[in-house]
**Student:** 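One structure, as structure tokens, below. Some questions next.
Side chains included, hydrogens not; waters and symmetry mates left out as well; all remaining heavy atoms used.
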Amino acid sequence: MKFDTPATTNPIDQLKVVGQPVDRIDGRFKTTGTAPYAYERHDAAPDAAYGHVLGAAIAKGRIQSMDLAAAKAAPGVLAIVTAENAGKLGKGEYNTARLLGGPEIQHYHQAIALVVAETFEQARHAAGLIKVEYAPAKGAYDLAASRDKAKPAGTDDEPADSSVGDFDGAFGAAPVKLDATYTTPDQAHAMMEPHASTAAWNGDKLSLWTSNQMIAWSVGDMAKTLGIAKDRIHLMSPYVGGGFGGKLWVRADALLAALGARAARRPVKVALQRPLMFNNTTHRPATIQRLRIGATRDGTITAIGHDSWSGDLPDGKPETAVLQTRLLYAGANRLTRLRLSELDLPEGNSMRAPGEAPGMMALEIAMDEMAEKLGLDPVEFRIRNDTQVDPESPKRKFSQRQLTECLRTGAEKFGWAARRKPMQARDGRWLVGLGMAAAYRGAPVMKSAARVRLDARGIVTVETDMTDIGTGSYTIIAQTAAEMMGLPLQKVVVRLGDSTFPVSAGSGGQFGANSSTAGVYAACVKLREAVVKKLGLNAADAQFVDGEVRSGSRAIALGDAAKGGELVVEDAIEFGDLAKKYQQSTFGAHFVEVGVDAATAEVRLRRMLVVCAAGRILNPKSARSQVIGSMTMGAGAALMEELAIDARHGFFVNHDLAHYEVPVHADIPHQEVIFLDETDPMSSPMKAKGVGELGICGVAAAIANAIHNATGIRVRDYPITLDKLLKDMPLPA
Amino acid sequence: MKPFTYERAGSPAEAAAAAARRPEAKFIAGGTNLLDLMKLQIETPAHLIDVNGLKLDTIEPTQEGGLRIGALVRNTDLAADERVRRDYGVLSRALLAGASGQLRNRATTAGNLLQRTRCPYFYDTNMACNKRRPGSGCSAIGGINRQHAVVGASEACIATHPSDMAVAMRVLDASIETVKPQGATRTISIAELHRLPGDTPNVETVLEAGELITAVTLPRPVGGSQQYRKVRDRASYAFALVSVAAIVQPDGSGRVALGGVAHKPWRLDAADAEMPRGAKAVAGKLFADAKPTEHNAFKLPLAERALASVLADARG
């Protein structure tokens, strides 16, 4: 199905199932341990041996020698895979560094060997017996130091630079202006389930159970890396214990499980050890961001400029931290630039809301600072500079843009009017502050296909390679099929994450929910046609209600259409140029109350509220879970998350969950999520968008702004740890 | 993990004797720290002597009016003990500020004292560490050391002791009872138990090879307002940047020990003597010989401010 004209009324609009806050249908499997994860496929590969990964001990250089003798002789060892014995390997399109290093080492903890043994403990012990001699080379690990050598770098979709009007002239002439630099650190996905895979060969055919967000990409990259045809690979990822972008691609666990299984001639499973997770895999790159905003005295932005510097391995990509600045606020004179340095740190790549998440961390403090300079309420300042058109090409409208509504609703519900000037509110030992920020994230769409089956019992089975990374895909897909076919949820079976199923959008970029359900919608439209035809009904008045198909005076059980055999159809949603004609984005407004300990400068969140306008909300319960999860992740970014770089050795030092702190329950207060009523007919037949990433965008800045309101201190370098506040905090009276 | 053998000891003396027979042996109780370190090959004992069955898990009053806490009393049980809560509030508060509920359910009194540093370089076997590999150097010096010691450190090591409980024990003047392999027992003051790193940061306590802690004794209660203030980057489940254990008497005298600043709980008589004069005076003594790094210099004002806050609470 081609989607190239705005959606009109369709069966989804009934909202009997879609739009209802139903529980996740996979929830009981997960809570009862009956949802098998990739490392737990004892059912499918009962005799799997265990692989243990050895990571490089240097960040850059070469392996001079590897002595495997002691490891090979250790009890239980079945095979050892290294670059030397693995055969010729390619490199995946989505990988920057090679997944199996050696002799050249590209980053710290790059995998250099897999030891396969009968037990996990044997494999781990033997891995410790491998002796490696390195010839380290000098590397570049300091983003700030490399800033002057950075080069313009865009992406496939976005240019490095954009400019409108005369930024320099307008900024220079602006009566009120801000020129400030902000930094965001490298951050880790730190998901609960590490990268994990079980691999089994049957002849030249590979079965790979792996924890992955993008099935088709990963089949392609496994094939490319192994040098085999894609149809030789069966990749399965039905359950994923968190990804956040870290599992958009195949990683070392998957490749090494496949190579280990080949070498040991039996199934092998590999989970990346937690201490490897931070340097072996990808991370969100650090940024340095310079914001320049000029405005008239009444608060109209006349010039807005945003430069962002980030680093990555050679042939890597920039963190696109200026994207939202191209679209969020009005202003006649504009300039944005992305610059990229070559660094020898581990590979940077997508993490939840790449671009906007760190970009909004900077932009939305800058907006707060500007409001302060202008003597304007920060909510009012944003409303004053709202726009209904793409500010870089004003002929292009937003499909839906309710930023102002989000801001006003949030301000009212949160009690924003009670906010005082900085350092005025106190509650016992706590300095209390309120802060806010806008939320913005694009709403991209991707082609997505699904197959639907109808059997004689009236059960509809959906098959698509879409993944559910804890987001609720199973549930919203079931809701979509149930709505389309006039069935209760219990009559729908959803099967996901299998490369034998039609190729979906996958889970990433906040495009999964809207795109994949639209693909299911398309397949269901086709199934409805097949049912009507099979039953000899009049397509014009056929209705799918309560498990029946009704037409004129006839009412036939849906399953009857499959009496002569299962009906199977497949279709894909393919998006035309509506997304080009109209800018499609999601919007929101964050409001936060913090307490800052007057003595120790410890920051504790007291309340959080977000208002989201993100198209039709397919399931308010799972959508809320996505948003509060995002807000929690944003709180981590604001207050504690930072991969600490040892610039002498070139690695992230805090590479476990004790040293890389993410929020715990005690850090997160009551969180309120309000979804504005919105349907967006430009987005898809579902009229939905996505919310999985919107919630993280802006929340860290709202926290930073609240801290400023509490203390009068402006911290521009994340995370805002107490040591950055303490020096400017007066001793409590 | 290196393969190891395992035995269950029948009595404390037997456990100590068994350890003396096997120089590469370690005692295991709660295992909340040792097992992690073994998995990472930071600890590589060839033999484990399980002491969990030694029945050292009771809390009894002493003749002197104090409490004798069995080495195997779990942190959760110790924190919840009515006598501890009533007479040694600083200890209960410190325990509850540490780790997580699950860990406290397993972790023991003696094990808590003997837990090892959380220095990230200690945890990465690719990096030089004089604690892990004597003579290899200290990667934390000149590296990422925001968490590290500001006082009492050496050119060989700037690690901190991570315990909360030990800081409270230090301010309470606890004593450590042990049994040696030959069966002799002795009592060590908490002040003497942990060593400063000096040239041998790998030697962390004065315990001899095979010597087993059997109990920790608290002297008669000293009353006063007992406070424990732990300052950290997140609200729970994090090691202290700085912690303050203080006992403040109505006349303003008192004692204070700091956590998160040194290789051992940090308390000085000269600092205690300054208590009536307030936090600045106390901190001045505690940090008279401080040598912070660029990244952890904030701990000095932080400790002083936390102490001021504690003193204000105690007065209030």
Side-chain angles (χ1 to χ4, degrees), chain A residues 55-58 74-75 108-109 120-122 124-125 127-129 273-275 429 597-605 635-636 639-640 642 644-649 651-668 719 721-727 729 731-733, chain B residues 1-4 36 38-42 44 99-100 118-121 123-128 139-147 162 229-239 241-244 279-280 295-313 316:
Chain A
I58 61 166
Y108 192 73
H109 277 173
F120 175 76
E121 288 75 15
Q122 288 170 334
R124 182 169 58 189
H125 173 236
L129 299 175
Q273 305 95 272
R274 185 66 67 182
R429 70 190 231 211
D597 189 302
T600 63
E602 288 165 286
V603 178
R604 298 289 181 256
L605 300 172
L639 298 175
M640 61 192 84
E642 174 175 21
I645 298 165
D646 185 320
R648 303 165 305 174
H649 301 290
F651 77 117
F652 301 131
V653 173
N654 49 341
H655 52 67
D656 61 38
L657 290 175
H659 294 103
Y660 184 86
E661 291 185 12
V662 298
V664 295
H665 282 96
D667 291 302
I668 301 302
T721 46
L722 59 87
D723 44 306
K724 295 174 188 170
L725 295 166
L726 208 56
K727 58 184 188 303
M729 296 243 306
L731 280 168
Chain B
M1 185 185 272
K2 191 171 142 185
F4 59 90
D36 283 353
M38 287 172 68
K39 289 171 186 173
L40 295 166
Q41 303 229 23
I42 294 162
T44 54
S100 66
R118 261 62 178 188
C119 172
Y121 296 98
Y123 268 78
D124 189 331
T125 50
N126 293 326
M127 293 292 130
S139 303
I141 295 173
I144 299 296
N145 52 33
R146 179 172 174 268
Q147 288 275 354
R229 185 73 195 280
K230 180 174 182 179
V231 184
R232 43 189 156 178
D233 285 325
R234 65 180 169 192
S236 175
Y237 201 42
F239 294 99
L241 293 167
V242 160
S243 70
V244 177
K280 192 176 176 65
H295 303 297
N296 68 15
F298 73 93
K299 287 188 175 188
L300 271 54
L302 178 62
E304 183 185 325
R305 296 171 69 122
L307 176 59
S309 178
V310 162
L311 294 180
D313 285 354

**Student:** Sort out for me which of B/Ala306, B/Ser100, B/Ser139 touches chain A most, counting heavy-atom pairs under 4.5 Å.
**Tutor:** B/Ser139
**Student:** Need one label for A/Ala56: side chain, backbone, both or neither, based on atoms under 4.5 Å from any heavy atom in chain B.
**Tutor:** backbone
**Student:** At a heavy-atom distance under 4.5 Å, which candidate from B/Arg118, B/Lys2, B/Arg146 has the highest pair count against chain A?
**Tutor:** B/Arg146
**Student:** Which answer fits A/Leu657, side chain, backbone, both or neither, if we ask what part of it has an atom under 4.5 Å from a heavy atom of chain B?
**Tutor:** backbone
**Student:** In terms of heavy-atom pairs under 4.5 Å with chain B, which of A/Ala658, A/Ala647, A/Ala599, A/Ala666 leads?
**Tutor:** A/Ala599
**Student:** Counting only N and O atoms by type, is there a donor-acceptor contact under 3.5 Å from the side chain of A/Asn654 to the main-chain atoms of A/Glu642?
**Tutor:** yes
**Student:** Apply the test side-chain contact (heavy atoms from CB on, under 4.5 Å) to residues B/Phe4 and B/Thr44: give CA-CA distance (whole Å), side-chain angles for both, the deciding distance (0.1 Å), then the verdict.
**Tutor:** CA-CA 8 Å; B/Phe4 59 90; B/Thr44 54; over 6 Å; no
**Student:** The criterion is ring-ring contact (aromatic ring centres under 6.0 Å, His included); which residues satisfy it with A/Phe120, sequence neighbours excluded?
**Tutor:** A/His52
**Student:** Between A/Asp667 and A/Val664 (side chain of the first, backbone of the second, donor and acceptor by atom type, cut-off under 3.5 Å), is there such a pair?
**Tutor:** yes
**Student:** With only heavy atoms counted, which part of A/His655 is less than 4.5 Å from chain B, the side chain, the backbone, both or neither?
**Tutor:** side chain
**Student:** Quick one: what part of A/Ile645 sits under 4.5 Å from any heavy atom of chain B, side chain, backbone, both or neither?
**Tutor:** backbone
**Student:** Using the test ring-ring contact (aromatic ring centres under 6.0 Å, His included), find all partners of A/His659 that sit at least two apart in sequence or belong to another chain.
**Tutor:** B/Tyr123
**Student:** Mind ranking B/Ile144, B/Leu241, B/Val242 by heavy-atom pairs under 4.5 Å with chain A and telling me who comes out on top?
**Tutor:** B/Ile144
**Student:** Enter the distance from B/Asn126:CG to A/Tyr108:OH here, rounded to the nearest 0.5 Å.
**Tutor:** 3.5 Å
**Student:** Taking non-hydrogen atoms and a cut-off under 4.5 angstrom, which of residues 229-238 of chain B neighbour chain A?
**Tutor:** B/Arg229, B/Lys230, B/Val231, B/Arg232, B/Asp233, B/Arg234, B/Ala235, B/Ser236, B/Tyr237, B/Ala238
**Student:** Between B/Ala312, B/Gly142, B/Ala308, which residue shows the highest count of heavy-atom pairs closer than 4.5 Å to chain A?
**Tutor:** B/Gly142
**Student:** Roughly how far, to the nearest 0.5 Å, is CZ of B/Arg305 from NZ of B/Lys280?
**Tutor:** 11.5 Å
**Student:** Go through the atoms of A/Val603 and report whether side chain, backbone, both or neither lie under 4.5 Å from a heavy atom of chain B.
**Tutor:** neither
**Student:** Tell me, side chain or backbone of A/Glu602 under 4.5 Å from chain B's heavy atoms, or both, or neither?
**Tutor:** side chain
**Student:** Within this structure, what is the CD-CE distance for the pair A/Glu121 and B/Met38, rounded to the nearest 0.5 Å?
**Tutor:** 11.0 Å
**Student:** Measuring from B/Lys39:NZ to B/Met1:CE, what's the distance to the nearest 0.5 Å?
**Tutor:** 6.0 Å
**Student:** Could you pull out all residues at least two apart from A/Lys727 that satisfy salt bridge (Lys or Arg N to Asp or Glu O under 4.0 Å)?
**Tutor:** none
**Student:** Counting heavy-atom pairs under 4.5 Å to chain A, which of B/Ser309, B/Pro3, B/Ala297, B/Pro301 comes out on top?
**Tutor:** B/Pro3
**Student:** Checking A/Arg604 against chain B: side chain, backbone, both or neither under 4.5 Å from a heavy atom?
**Tutor:** side chain
**Student:** Need one label for A/Ala598: side chain, backbone, both or neither, based on atoms under 4.5 Å from any heavy atom in chain B.
**Tutor:** backbone
**Student:** When rounded to the nearest 0.5 angstrom, what is the spacing between CG in B/Leu307 and CG in B/Leu302?
**Tutor:** 11.0 Å
**Student:** Go through B/His295, B/Met127, B/Glu304, B/Gln41 and name the one with the most non-hydrogen pairs under 4.5 angstrom from chain A.
**Tutor:** B/Met127
**Student:** Closest heavy-atom contact between A/Pro719 and A/Leu639?
**Tutor:** CB-C, 3.5 Å
**Student:** Using a distance-only test with no angle check, is there a side-chain donor-acceptor pair under 3.5 angstrom linking B/Tyr121 and A/Asp646?
**Tutor:** yes
